[in-house]
Q: 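Attaching a single structure in C-alpha cells format; questions to follow.
Quantities reported herein were computed from a predicted structural model and do not represent experimental measurements.
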Amino acid sequence: MIKTSAEIRQAFLDFFASKQHQIVDSSSLIPGNDATLLFTNAGMVPFKDVFLGAEKRSYTRATSSQRCVRAGGKHNDLENVGYTARHHTFFEMLGNFSFGDYFKEDAIGFAWEFLTVVLGLPKEKLLVTTYETDQEAFDYWANEIGVPKDRIIRIGDKSPNKKFESDNFWSMGDTGPCGPCTEIFYDHGDHIWGGPPGSPEEDGDRFIEIWNLVFMQYNRQADGTMEPLPKPSVDTGMGLERIAAIMQGVHSNYEIDTFQHLIKSAAHLLECNDLEHKSLRVIADHIRSCSFLIADGVMPSNEGRGYVLRRIIRRAVRHGHKLEAKSHFFHKLVAALVETMGQAYPELIKHQAIIEKMLRIEEEQFGRTLDRGMALLEDILTNLEGDTVSGDDVFKLYDTYGFPADLTADIARERALYIDHNGFDVAMGLQRERAQQASQFGTDYNEQLKSEHVTDFKGYTKHETHATVVELFAEGEPVSKIEAGQKGVVVLDHTTFYAESGGQVGDSGVITVNGGEFVVNDTVKIGDAFAHQGVANAPIQLNERVNTVIDVERREKIIKNHTATHLLHAALRKVLGDHVTQKGSLCDDEKLRFDFSHFEGLTKDELREVERLVNDEIRKNHTRDTELMDIEDAKAKGAMALFGEKYDDEVRVVTLGDFSTELCGGVHVESTGNIGLFKLVTEQGIAAGIRRIEAVTGEAALAYTEQQSDLIAMLSSLVKGDSSNVQEKVEQLLSKTKQLEKEVTQLKQAMAAQAGADLVSQAVDINGVKALIAAIDGVEAKSLRGMVDDLKNKMGSGIIMLATSQESKVSLIAGVTKDLTGQVKAGELVNFVAQQVGGKGGGRPDMAQAGGSQPENIPAAMATVQPWLQEKLS
C-alpha cells in the first residue's frame with residue numbers, strides 16, 4: 001500500500017506519465033523567468049511563460065513535484081510555521097499541466113482516478129467545490145464522476161460588486177490568463193471541529209483542501225472583458241505533505257514520516273523529550289527551506305532572498321535557544337534531511353558540505369547576537385507597560401544589536417504581546433533618509449539619451465570599418481552637426497567599438513571624418529544603439545560616411561582581463577563549490593575585478609589554488625570557441641546563465657577548452673595563451689555573502705610581480721639580509737620590538753606608580769572624606785585604571801578624579817572606594833566633568849572612565865569637582 005511521502009511522490013509521477021505526461025524535474029527555488037517573484041512558490045511557476053505563450057515546449061502535457069518556498073513577499077507563511085498543522089516555509093507541490101491539450105473533463109477524471117483508485121481514498125470522504133457559474137464542471141462531477149450533488153459546493157464571488165473575485169476563480173494578474181477552478185477536499189471526520197467550504201465554520205480543520213484544478217479558460221482584458229482563450233489550459237496543485245498526512249492516518253503535516261524523522265533528530269541533538277514541542281516543528285520545517293535555498297545558490301545576506309534565508313536560519317536558532325541548546329546544532333540536521341529527501345533531490349547530497357558549513361557560520365555569528373539581544377529584550381519586556389513593545393525599542397534591538405524585528409515579534413507573540421510595526425517602520429524610514437542625505441548623485445545626461453537605431457557590432461573580428469552617422473547628440477539633445485572642439489555623442493549604423501556591457505568597459509579610439517577626427521573616449525549603449533562619446537576635432541554631421549578605428553593596444557589589455565574572468569569564475573567553482581556564482585565584474589585595461597557569492601574569506605591555500613588553476617589553463621593555450629545557439633541548447637551544453645537574467649532565444653556561448661563555458665556577448669582573446677600571466681592582487685568581502693577578487697594579467701601581471709620582487713629586495717636590504725632569509729630577519733626584528741615595547745610599558749607603569757604615590761599627598765579633606773583631584777601630565781590613558789586601583793589601596797577610603805590629555809584628546813577617570821559609593825558614584829562624577837571638556841561617559845559606581853575633545857577646558861572643569869563633592873557629601 002502506498003503510504004510514505006517518497007512512495008506518494010513516485011506514484012503521482014508514474015500515474016501521469018502513464019497518461020502521456022512528460023515528467024519534469026523540479027526547477028530551482030529561484031525563479032528563472034519571473035523577476036517579480038522572490039521564490040518559486042507554486043508548481044506552475046516554471047511553466048508560466050508556456051501558459052503565456054512566450055515559450056514553447058516539446059510536450060503539451062507535463063507533471064512534476066516542484067519544491068516551493070513561501071517565506072517572503074506576497075506569499076509569506078513564516079509567522080504561522082510551527083503553530084498550525086499545515087503551514088510551512090518549504091513544501092512540495094505535486095502538479096499536472098495541460099498546455100492547450102486536455103481540459104476540464106480529463107483533468108477532473110485524472111484527479112478522481114488517482115485519489116480513489118491509485119491511492120484508494122474512500123469516495124465518501126471527498127467533497128468538491130466549483131465556481132458558482134461553472135456549470136460545465138458541476139455537471140461533470142455530478143453526472144460523469146458520480147459525486148452526490150450535496151457534496152458539490154458552488155462558491156460564488158466574495159461580493160456582488162466584485163465579479164470573478166472568488167476562492168474558486170484563479171487569475172495570474174489583473175490582466176491575462178484566468179479561469180474557474182475546482183477544489184477537492186478531504187473530510188477528516190466529525191471528531192474535528194470545522195465545517196465544509198462556504199460555511200461559517202470553514203476555517204476549522206475538519207475539511208482540508210488537498211487538490212486545486214485551475215482551468216485557464218479566459219484572457220482578461222484591461223477593461224475587464226473576458227475573452228475565451230484559443231487553447232484553454234490546465235494547472236493543478238496538490239500539496240505532498242497534506243496528502244501524505246491523509247495516507248498515513250494523521251491530522252497534522254508534522255506527524256508525517258519526513259517531518260517525524262527531522263523532529264526526532266532535532267530532539268536528540270537538543271536533548272528534548274517533548275516531541276510535541278512547537279519549537280521542534282519550527283526547526284524541522286526550517287532546516288528544509290534553508291538547505292534547499294542554499295543548494296539553489298541563495299546565500300545569507302542583508303537584502304532580498306539572502307535576507308529571507310538569514311531570517312529563517314535565525315528563527316530556527318532562536319527556537320533551539322528556547323529549548324536550551326547547549327551547542328550549535330542546526331547545521332547538524334542537514335544529514336537527517338539528506339537521509340529523508342536526498343534520493344529524490346540529489347542536489348542535497350551534492351551540496352551537503354556547503355550547506356552545513358554555511359549554516360554553521362550563520363549559527364555561530366547569530367549566537368553572539370542572540371545572547372545580547374535576548375538580555376536587552378528581557379529587560380524591555382519586564383518593564384513593559386501595556387501589551388505593546390514600542391517601535392523605537394524594536395528598532396533599537398535591530399539597529400544596535402542586530403536583533404531582527406520578526407524575532408522580537410515572535411517572542412512577543414509567545415507571551416501574548418504585540419509590537420508596534422508602524423513605529424518600527426517609521427524609525428527605519430528615518431534611518432534610510434539619514435543614509436541617503438549623504439549620497440545624492442547627479443545623473444549624467446548620457447543616461448537620458450534615447451535612440452531607436454540598432455547598431456550592428458563588427459568588432460568581434462575587425463578593428464576598423466566604414467560606417468554611416470545615423471544620429472548625433474550634443475549637450476544631451478539631438479543635433480544635425482557637431483562642431484570642431486565640441487563634445488558630443490555619435491551613433492553609427494555599424495561599428496567596431498564595443499559598448500560597455502557585461503562588465504567589459506567600452507572601447508576608445510577615433511572616428512575619422514573628412515578633414516579630421518572624432519576622438520572617442522568611451523562607448524556605451526542607449527537601447528540597441530552604440531553611443532560613441534568624445535570630442536570632435538573637425539565637424540561631423542548626419543549621414544556622413546566615416547571610418548571607425550579602435551585603440552587596439554587598449555582593447556588587447558581589456559580582453560585579456562575579460563577572458564581571465566571566465567577562467568577565474570570556473571576556477572573558483574572548482575575550488576570552492578558550485579554555489580559560487582558571478583555577482584558583478586569590471587574588466588578594463590588596467591585590471592579585472594570579479595564579485596562572487598561565497599560565505600567566508602578565502603584561505604591562503606585556496607587563493608593559491610585558484611591562481612594556479614587559471615595559469616594552468618592559460619598555459620594550455622585553449623582556442624576560444626564561440627557559438628550562437630538556442631538558449632536551451634546552451635544550458636544543455638553546461639553554459640553558465642545567471643538567474644533572473646533575460647536572454648534572447650539565440651545566445652552567444654564562449655567556450656575555453658573543457659574548463660569554462662559561459663553565455664557572453666563580450667570580446668575575448670583568440671586563445672588563452674594570449675593572456676600571458678594571471679596574478680591575484682586582493683580578495684575581500686564587500687557585502688554579506690559577497691566576495692571580491694582583483695587581479696591583473698599580461699604585462700600588468702608581470703609589472704606587479706616585478707614590483708613585489710623589488711619590495712622584497714628593498715626589505716632585505718633594510719634588515720641586512722637577502723631574499724633567502726628576509727622572513728627570518730623580519731621575525732627577529734618583530735620579536736625584539738615586542739620585547740622593547742614590553743620593557744617600555746613596565747617602565748611607564750613604574751613611573752605611573754611613583755606618580756601615584758606622589759599624588760596621595762595632594763588629597764584634600766571634604767566633610768571628613770579624602771578626595772584626590774588632579775590633572776596629570778605624561779601618563780598614557782591606558783595606565784589610568786591601574787593608577788586609580790593603586791591610589792585606592794594607598795588611601796584606604798576616598799574619592800579620586802584624574803584628568804590627562806594627549807594629542808588633543810582628553811582622558812578622564814573617577815574612582816570611589818566601595819564604602820563611599822552610596823554617597824558618590826564614579827559614573828556620575830566622571831560624566832559631570834566630561835560634559836565640560838566636550839565629552840560624555842559613565843561606568844560602574846566604583847570606577848568610571850570618559851573622554852573629551854577640549855583639553856583647554858581641563859583646569860576649569862577640575863576646579864568644579866570639589867564644590868560638586870561638597871554638595872554630595874554634605
Side-chain angles (χ1 to χ4, degrees), residues 294 297 299-301 306 351 353-358 360-362 364-365 503 557 560-588 590-620 622 640 656-660 662 669 672-713 715 723-724 726-728 730-731 734:
I294 294 170
M299 302 188 67
S301 68
H351 298 294
I354 289 295
I355 297 168
E356 289 174 340
K357 191 170 185 179
M358 201 174 294
R360 177 181 55 76
I361 291 170
E362 279 293 303
E364 289 173 353
Q365 291 175 344
K557 294 176 180 177
K560 286 176 183 177
N561 286 329
H562 187 189
T563 305
T565 62
H566 284 226
L567 297 176
L568 174 59
H569 192 186
L572 286 167
R573 288 172 64 84
K574 287 184 183 297
V575 173
L576 304 178
D578 291 343
H579 65 282
V580 170
T581 54
Q582 180 178 338
K583 295 298 181 182
S585 67
L586 174 68
C587 307
D588 59 25
E590 295 181 350
K591 64 182 182 305
L592 68 88
R593 188 180 73 206
F594 189 78
D595 300 341
F596 59 98
S597 55
H598 191 54
F599 45 85
E600 61 183 347
L602 275 67
T603 66
K604 183 171 66 175
D605 288 342
E606 287 170 337
L607 288 169
R608 184 178 289 118
E609 179 64 10
V610 167
E611 187 176 84
R612 185 192 67 78
L613 282 173
V614 173
N615 280 309
D616 279 353
E617 298 307 310
I618 290 172
R619 286 193 298 274
K620 288 176 183 177
H622 298 298
M640 285 288 295
L656 304 170
D658 58 358
F659 192 72
S660 168
E662 291 195 30
V669 297
T672 58
N674 294 349
I675 298 171
L677 177 66
F678 172 86
K679 190 67 184 172
L680 285 170
V681 177
T682 63
E683 187 275 337
Q684 61 183 329
I686 59 168
I690 306 294
R691 310 295 301 177
R692 170 174 290 174
I693 279 178
E694 291 193 359
V696 286
T697 63
E699 291 181 359
L702 182 60
Y704 178 78
T705 304
E706 290 172 347
Q707 181 186 40
Q708 297 298 105
S709 178
D710 290 344
L711 179 61
I712 292 173
L715 289 174
S723 59
S724 64
V726 63
Q727 180 177 340
E728 180 185 346
V730 170
E731 287 173 350
L734 289 174

Q: Is there a donor-acceptor pair closer than 3.5 Å between any side-chain N or O of R573 and the backbone N or O of D578?
A: yes
Q: So which heavy atom on I693 is nearest to which on E683, and how close?
A: CG1-CG, 3.8 Å
Q: Ring pair (Phe, Tyr, Trp, His ring centres under 6.0 Å) with F594: which residues, sequence neighbours excluded?
A: H569
Q: Any salt bridge between R360 and E364, counting N to O under 4.0 Å?
A: yes
Q: Side chain to side chain donor-acceptor pair (under 3.5 Å) between S585 and T565: does it pass, once the steps are laid out?
A: CA-CA 8 Å; S585 67; T565 62; 5.5 Å; no
Q: Quick one: does E611's side chain have a donor or acceptor within less than 3.5 Å of a partner on L680's backbone?
A: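 The answer is yes, because a donor-acceptor pair under 3.5 Å joins these two groups.
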Q: Determine all donor-acceptor pairs shorter than 3.5 Å in which one atom belongs to a side chain in residues 694-705; sequence neighbours excluded.
A:
unit_1 : atom_1 : unit_2 : atom_2 : d
T697   : OG1    : N561   : OD1    : 2.6
T705   : OG1    : A701   : O      : 2.9

Q: Determine whether a donor-acceptor pair (N or O, by modelled atom type, separation under 3.5 Å) exists between the side chain of D616 and the backbone of R619.
A: no
Q: On a heavy-atom basis, which atom in K583 and which in I690 lie closest, and how many Å separate them?
A: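 What the structure gives for the nearest pair is CG-CD1, 3.6 Å.
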Q: For T603, does its backbone N or O pair with a side-chain atom of E606 as donor and acceptor, under 3.5 Å?
A: yes
Q: Answer yes or no: is there an ion pair linking E600 with K357, defined by an N-O contact shorter than 4.0 Å?
A: yes
Q: How far apart are the closest heavy atoms of V610 and L568, and which atoms are they?
A: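 So the two residues come closest at CG1-CD1, 3.5 Å.
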Q: Using side chain to side chain contact (heavy atoms under 4.5 Å, CB included), reason through E617 and F678 one step at a time and then give a plain yes or no.
A: CA-CA 10 Å; E617 298 307 310; F678 172 86; over 6 Å; no
Q: Could you pull out all residues at least two apart from F599 that satisfy ring pair (Phe, Tyr, Trp, His ring centres under 6.0 Å)?
A: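 For F599 the ring pair (Phe, Tyr, Trp, His ring centres under 6.0 Å) partners, ignoring immediate neighbours, are H579.
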